[in-house]
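Everything quoted here is computed from the prediction, not taken from an experiment.
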Amino acid sequence: MAKITAGHALAKVLVSWNIDHIYGITADSINNTVDGLYQERDHIKYIQVRHEEVGSLAATADAKLTGKVGISFGSAGPGATHLFNGLYDAKMDHAPVVAIVGQSATPIMNTYFFQEMDQDPMFSDLTDFHKQVTNPDQIPYVMDEAIRYAYRTKGPAIVIIPDNLSGETIEFEPYKTAKVLKPATHATVDQTAVDAVYEAIKAAKHPVLWAGLGLKDARDEVVAFSEKFSVPVLTTAPATGIMPTDHPNFMGSRGRLGTKPAFEVTQAADLIILAGTNYPFSRFLPQGIKFIQINNNIEDLGKQHDIDLTVLADAKPFFAQLNQTEPEITPTPFLKAARQDKQNWDAWLNKVADDEQNGLAPEAVIRAIKENSDDDAVFGLDVGNNLMWSIRQLPFNRDQKLSMSAWFGTMGYALPASIAGKLSYPHRQVFSISGDGGFSMVMQDLLTQVQYNLPIINVVLENKAFGYIQHEKITANQEPYGIHFIGADWAGFADSMGAIGIKVDDKASLAAAFKKVHDLQAAGNTKPILIDAKVKNQDPVDTSFMPIDPEQFDQATIETYTKQSNLSDQPAFSELLKNEE
């Protein structure tokens, strides 16, 4: 056994789990723990963020992008409270993370000392694992258990350490217990359930597959299923990329972040297969649709919608076995109409992108990112209209990755996620895409990108408004109070921080900007880049409800909606279906 500080032993536990970087800000209540990280600096990199929230969000993004546990830390008091945003995002999106939280030294606890607070109760709603160690020997043990808990539950764990304890010397021998990262799975598939699902698909005229993150490692199985049984596919927004986005059978997502074809095929469906998802908005679908749910979590079955046929199974092996069923189903009029709807939608997005009336279209910026991104690019996406445009247009058809704040929906997510993306995938091209509202919440950590030579491409879509909320205000016939704000010279800000700022305000300057980005990349640039895109404050079409079907809505309603949405040359799905039948 070696005699080392408990803080050093904690760092050795992290290294034993192959954790190679950790985010945080040091302070007097966590200095001994940080000194332990220093002892292992050749194996684990301390990323000094400028705000603990950014560190916790980056750790969560690490977990979402890689499946490996993400680690952040903060001091007692304000450091601990700053970690909350990222930790709640991890809880809601089921990401394995551990937060190390400093605490006042034990002799001064409960004496109303500077920054001292009873932190443990704060985390009771966040996780069942919120443990404050009581002696130095517990520190490596509790740290190891926290990591195992995070992997088992796919959520956050909290370790609170009084600073004097982590500075004490203990006898430590590395643990031999295997570092098991994934829970055991049951690959056995019930053939009776497979047969029942197949018969339901055969009996349906308009079946749709709605895939979630439970199918994230099953792209081949999903594509094979869709092609063999002629089924259009939707994904939830965070599951974008499970089906290649350029596949003719992929409709996109449904909802505010969705597409016209995704909305229309689900409205016209007579069978929806929910696989690997607990999608909350399925409860708003029309009545009379039959539902199949395939999920490996018994608690999620029927949680959002009453289900006609439930299948408790891991989705990947289930679809692999289902795909062996014969015979296949030739392309149906429903699938052909869905494909045409998708083609029309994509053409319309390009038309909107080309329209420079009243300024640069946000769709043009996202299209430029698409055209200039690598096949394995990593995208950190913020919350708001920027996310709507990104989900609709970015390519996720090869080995691209995305990270977003799906369920918690916290603004300011993109920049921390891009830091995580570049640290986890240093040889890949990494983007952050934000609105000016979200970017301004975390803009100080552009310095973190500069400090660690992270050549991330940050795109800020400036429309001087909380555009996503602006739409809600308009829809509710409310005044746009508190929506608008002043803009900024974001390119100049980037230059002053040691990054490279580029301002664009039309398609010509946009093309020139990406030419410069390409040249910088070719020259081995190590500085972050910020593209300051001055875009028109244009409300993206709301696809959560689209009254355009003449079989369901009167002409005045349709014309009002299409005019408000600028949705020209887009025939309703019912018309396309008639042409195919």
Side-chain angles (χ1 to χ4, degrees), residues 189-244 247 249-255 258-259 261-298 300-325 328-329 331-332 334-335 337-339 342:
V189 176
D190 182 358
Q191 185 61 44
T192 303
V194 170
D195 294 340
V197 172
Y198 176 66
E199 291 301 322
I201 295 169
K202 281 202 306 179
K205 290 184 178 181
H206 301 162
V208 172
L209 171 62
W210 206 329
L213 279 174
L215 280 163
K216 66 180 179 180
D217 297 322
R219 173 183 281 189
D220 291 344
E221 288 79 5
V222 171
V223 171
F225 169 82
S226 175
E227 292 176 349
K228 184 168 186 175
F229 301 121
S230 297
V231 177
V233 177
L234 284 77
T235 63
T236 59
T240 300
I242 287 174
M243 184 81 167
H247 195 288
N249 292 3
F250 178 64
M251 300 295 108
S253 300
R254 176 170 169 140
T259 67
F263 173 80
E264 290 187 301
V265 298
T266 47
Q267 288 294 109
D270 59 2
L271 172 66
I272 290 182
I273 304 169
L274 295 167
T277 179
N278 185 32
Y279 187 64
F281 299 104
S282 60
R283 66 186 73 175
F284 300 123
L285 288 168
Q287 298 297 314
I289 300 175
K290 289 188 176 180
F291 279 84
I292 295 173
Q293 187 173 8
I294 304 166
N295 202 300
N296 63 2
N297 184 354
I298 193 170
D300 286 343
L301 294 174
K303 180 179 285 186
Q304 303 294 348
H305 199 289
D306 198 22
I307 302 297
D308 297 278
L309 174 60
T310 56
V311 179
L312 182 63
D314 287 329
K316 179 181 172 73
F318 184 88
F319 276 92
Q321 191 157 324
L322 178 60
N323 291 341
Q324 297 175 24
T325 309
E328 65 183 45
I329 299 173
T332 61
F334 180 66
L335 177 64
R339 288 172 172 173
K342 172 74 177 308

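Residues Arg339 and His247 fail the side-chain proximity criterion, which asks for heavy atoms closer than 4.5 Å. Counting only heavy atoms from C-beta outward, the side chains of Leu209 and Val222 approach each other to under 4.5 Å.
The two residues Gln321 and Gln191 come nearest to each other via the heavy atoms NE2-OE1, 2.6 Å. Shortest non-hydrogen contact noted between Thr266 and Ile289 is O-CD1, 3.7 Å. Lys316 and Asp217 make their closest contact through NZ-O, 2.8 Å (heavy atoms, listed as atom of the first residue, atom of the second, distance). The nearest pair of heavy atoms linking Asn249 to Leu335 is OD1-CD1, 3.6 Å. Here the closest non-hydrogen pair linking Ala262 and Gly252 is CB-C, 4.0 Å. Among all heavy-atom pairs drawn from Pro244 and Phe250, the shortest one is O-CB, 3.6 Å.
To the nearest 0.5 Å, atoms CG (Leu215) and CE (Met243) are separated by 11.5 Å. Of the inter-residue distances, the one linking Leu309 atom CG with Glu199 atom CD reads 11.5 Å to the nearest 0.5 angstrom. Summarising the geometry, atom CG belonging to Asp314 is positioned 4.5 Å from atom CG belonging to Asn296; distances are rounded to the nearest 0.5 Å. The CD1 atom of Ile273 lies 12.0 Å from the CD atom of Gln293; values are rounded to the nearest 0.5 Å. Atom CG of Asp190 is separated from atom CG of Asp195 by 8.5 Å, given to the nearest 0.5 angstrom. With values rounded to the nearest 0.5 angstrom, Ile298 atom CD1 is found 8.5 Å from Thr310 atom OG1.
Take Asp308 and apply the side chain to side chain contact (heavy atoms under 4.5 Å, CB included) test, not counting sequence neighbours, and it matches Lys290, Phe291. Not counting sequence neighbours, the partners of Ala269 by the side chain to side chain contact (heavy atoms under 4.5 Å, CB included) test are Val208, Ile272. By the salt bridge (Lys or Arg N to Asp or Glu O under 4.0 Å) test, Lys205 is found to be paired with no residue, residues two or more places apart in sequence or in another chain being considered.
The backbone N or O of Gly241 sits less than 3.5 Å from a side-chain atom of Arg219, completing a donor-acceptor pair. Here the side chain of Thr277 pairs no donor or acceptor atom with the backbone of Trp210 at under 3.5 angstrom.
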- Verdict with reasoning, Asn295 to Phe318, per side chain to side chain contact (heavy atoms under 4.5 Å, CB included): CA-CA 10 Å; Asn295 202 300; Phe318 184 88; over 6 Å; no
- Message: Could you walk me through whether Leu271 and Ile292 satisfy the side chain to side chain contact (heavy atoms under 4.5 Å, CB included) test, starting with their C-alpha distance in whole Å, then the side-chain angles of each, then the deciding distance to 0.1 Å, before giving a yes or no?
- Response: CA-CA 8 Å; Leu271 172 66; Ile292 295 173; 3.9 Å; yes
- Message: I'd like to know whether Leu322 forms a side chain to side chain contact (heavy atoms under 4.5 Å, CB included) with Phe319, so could you lay out the CA-CA distance, the side-chain angles of the two residues, the decisive distance to 0.1 Å, and finally the verdict.
- Response: CA-CA 5 Å; Leu322 178 60; Phe319 276 92; 4.2 Å; yes
- Report the C-alpha distance between Ile294 and Leu274 in whole Å, list the side-chain angles of each, state the deciding distance to 0.1 Å, and finish with yes or no for side chain to side chain contact (heavy atoms under 4.5 Å, CB included). CA-CA 6 Å; Ile294 304 166; Leu274 295 167; over 6 Å; no
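Residue pairs meeting the salt bridge (charged side-chain N to carboxylate O under 4.0 Å, His left out) criterion with at least one partner in residues 227-240, sequence neighbours excluded, are Lys228-Glu326. Residue pairs meeting the salt bridge (charged side-chain N to carboxylate O under 4.0 Å, His left out) criterion with at least one member in residues 267-276: none, sequence neighbours excluded.
Using cut-offs of 30° and 60° for the angle between ring planes, the Phe334 and His206 rings count as parallel.
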Validation: residues 229-240 side-chain donor-acceptor distances under 3.5 Å, sequence neighbours left out:
from	atom 1	to	atom 2	distance (Å)
Ser230	OG	Ile329	O	2.6
Ser230	OG	Thr330	O	3.2
Thr240	OG1	Ala237	O	2.6

